[in-house]
There are 2 protein chains.
Amino acid sequence: MFRFGYDAVMSSVTSGPEAAARPLRRDAERNRALILDAAREVYAAQGLDAGFDEIARAAGVGVGTVYRRFPERGDLVQALFEQEIDAVVARVQEAAADPDPWRGLGGFLRWGAEAQAADRGLAQVLAAAGKGHERVAAGRDRLRPAVEALVRHAQAAGVLRDDVTEVDIGIALAMISQVGDASRGDLRDRYVTLVLDGLAVRREAPTPLPAAPASEDDLACVVAPARRHR
Amino acid sequence: MFRFGYDAVMSSVTSGPEAAARPLRRDAERNRALILDAAREVYAAQGLDAGFDEIARAAGVGVGTVYRRFPERGDLVQALFEQEIDAVVARVQEAAADPDPWRGLGGFLRWGAEAQAADRGLAQVLAAAGKGHERVAAGRDRLRPAVEALVRHAQAAGVLRDDVTEVDIGIALAMISQVGDASRGDLRDRYVTLVLDGLAVRREAPTPLPAAPASEDDLACVVAPARRHR
DNA sequence: AACGAAGTGGAACAGTCTTTCCGGTTCTGC
DNA sequence: GCAGAACCGGAAAGACTGTTCCACTTCGTT
């Protein structure tokens, strides 16, 4: 199988009605926090396919504990990335507030590409949000209007072509993020610039590309597969 | 494991010196062909991670037979895609021969994106070629000069910006191919057009995008994960 | 301090997928 | 048509994960 594409991770139905949450015992609460911290790191490094085993080890608890606290993987992912998506929204709003809308858009693309390169889990969650998974629908619904505002501002200023939408921006970002290797920020910027040149209404000449022409070896950075631990 | 990212598939060392190949028995030769045909289909549909089990079943032979004929996965992949890469090279040369270099480049990008969307295995092999895997080095070395010629022609005609190389074209193609869902050729064309607008030396106005503005649901097509059989 | 409920860890179980192995079959040369 | 080598199929072994379960520990309460 696909071990567990975020597809499977995400597809679990949102669990029942909010059971009158009796507070956890103090030790349980502490473990829960340890697990979340560990999961954040492990997911960032390995993506959502990382096993509960690994997270448990990183948190210093038994697997059983992880399963008891987060019966479905989706529970853990959801809890974890609710906050991260907030950070993305905040960054979009900041970009939309930039007095130079073009700079705002470009800055956001650069930031978003880097954020996803640095955090595989985030990249997968954002993709899942695009796919309409229930568990991250809330985050997406906060994200979309923000991007929409960013797009509108840039279009109103006459710098962003009128025939693209906020969805296009999301897809463009996902595409660029495929230029994966986290260590090659210069390469990522190169393709952000290229895509921005495509998004512009018009231009007299190419915007200078930030990185030296990609060498043959740089192809290695593309579509980097999920690297496996160890 | 990663089940078997193409990473693992590809990393096997090229097997010893060409053992004086005694011809196979006739039935063995027939089975070998059956296996290759089956593998082509299975890999196209599921990517290189498909198990030998599945290929054997599709070919109507036992697993043991597959293992005997192709002791390492890399052997099978290599044999299979040697020819497919030839088809890609041919398409590039055709594009480079187009009297309108810009149309040639655009046509190739469109074709390449579709080919990779329709054949997951091909997409993985091309990515592997970029990563410098030994087993597909020969194919890559045939591909690179062809793309280089395509790039040179377009640049000589003054339509393709001078600061991109054949590697950039490969990366751009890989990025676009992430807009995965094979059934959404219109969406893929949309982003090919966007990227082409970025690759152009200059332009007065945006090239009209072929597809209707992507709807929210279309995000689902991005970064489509390896769908698992059944 | 002592009792019960809540929580814990990790061994055991259950799936998958890969790889080996060998009794039986098919081909080829003579 | 026979001998023997080459080849075949698929059961079984091995290597991994994901998940469950329960004897034991810890916590909160009285």
Side-chain angles (χ1 to χ4, degrees), chain A residues 1-12 19-36 38-39 42-43 46-77 226 228-230, chain B residues 1-12 15 19-35 38-39 42-43 46-77 226 228-230:
Chain A
M1 51 92 282
F2 188 66
R3 273 123 78 265
F4 253 123
Y6 51 71
D7 238 350
V9 170
M10 283 293 159
S11 63
S12 41
R22 202 205 331 84
L24 292 172
R25 234 168 62 176
R26 208 154 40 229
D27 55 342
E29 186 58 50
R30 184 171 41 80
N31 278 340
R32 186 172 184 280
L34 285 175
I35 291 168
L36 280 171
V42 172
Y43 281 160
Q46 302 185 9
L48 303 187
D49 290 339
F52 271 20
D53 245 29
E54 188 121 11
I55 293 171
R57 197 176 331 127
V61 304
V63 234
T65 302
V66 180
Y67 273 94
R68 188 166 338 91
R69 208 51 64 206
F70 304 96
E72 321 186 15
R73 298 169 90 77
D75 296 328
L76 180 51
V77 175
R228 211 42 188 167
H229 38 295
R230 123 181 32 269
Chain B
M1 46 86 266
F2 185 50
R3 282 115 78 254
F4 255 125
Y6 52 70
D7 238 349
V9 170
M10 283 292 157
S11 63
S12 42
S15 58
R22 200 205 332 85
L24 292 173
R25 234 169 61 175
R26 208 154 40 227
D27 55 341
E29 185 58 50
R30 184 173 41 80
N31 278 339
R32 186 172 185 279
L34 285 175
I35 292 168
V42 173
Y43 281 161
Q46 304 186 10
L48 302 188
D49 289 340
F52 270 20
D53 242 28
E54 188 122 12
I55 293 171
R57 197 177 330 126
V61 304
V63 233
T65 304
V66 180
Y67 272 94
R68 191 166 332 96
R69 209 49 64 205
F70 303 96
E72 321 187 13
R73 298 169 91 76
D75 296 328
L76 179 52
V77 174
R228 211 44 184 166
H229 39 294
R230 126 183 31 268

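Basis for what follows: all heavy atoms, side chains included, without hydrogens, waters or symmetry-related copies. Labels below follow one simple rule: chain letters A, B, ... track the order of the sequence lines, proteins then strands, and each chain is numbered from 1. Note that the coordinates shown come from a computational prediction; the quantities given were computed from them, not determined experimentally.
- Ranking C:dG9, D:dT19, C:dT18 by closeness to the A:Arg68 side chain, first place goes to C:dG9.
- Residue A:Arg57 has no polar side-chain atom (N or O) positioned under 4.0 Å from OP1 or OP2 of C:dG10.
- Atoms CZ and CG, on B:Arg73 and B:Asp49 in that order, are 7.5 Å from each other to the nearest 0.5 Å.
- Contacts between residues 24-36 of chain A and DNA chain D, counted as heavy-atom distances below 4.0 Å, involve A:Arg25, A:Arg26, A:Asp27.
- In this view, A:Phe52 and A:Tyr67 satisfy the ring pair (Phe, Tyr, Trp, His ring centres under 6.0 Å) rule, not counting sequence neighbours.
- Rounding to the nearest 0.5 angstrom, the gap separating the CD1 atom in A:Ile35 from the CZ atom in A:Arg30 is 11.0 Å.
- Across the protein-nucleic acid pair, A:Ile55 atom CD1 and D:dT17 atom P stand 14 Å apart, rounded to whole Å.
- Taking CG of B:Leu34 as the reference point, atom CZ of B:Arg69 lies at 12.0 Å (rounded to 0.5 Å).
- Counting only heavy atoms from C-beta on, B:Val63 has its side chain closest to D:dA11 among C:dT18, D:dT20, D:dA11.
- Taking atom CG of residue A:Asp53 and atom P of nucleotide C:dA12, one finds them 15 Å apart after rounding to whole Å.
- Comparing A:Gly60 and B:Tyr67 by the nucleotide of DNA chain C that holds the closest heavy atom to each, the one mapping nearer the 5' end is A:Gly60.
- One finds the CD1 atom of A:Ile55 at 13.0 Å from the OG1 atom of A:Thr65 (value rounded to the nearest 0.5 Å).
- D:dT20 atom C1' lies 14 Å from atom CZ of A:Phe52, rounded to whole Å.
- Atom-to-atom, CG of B:Asp75 to P of C:dT19 comes out at 12 Å; the value is rounded to the nearest Å.
- Heavy-atom minimum distance, B:Leu76 versus B:Tyr43: CD2-OH, 3.7 Å.
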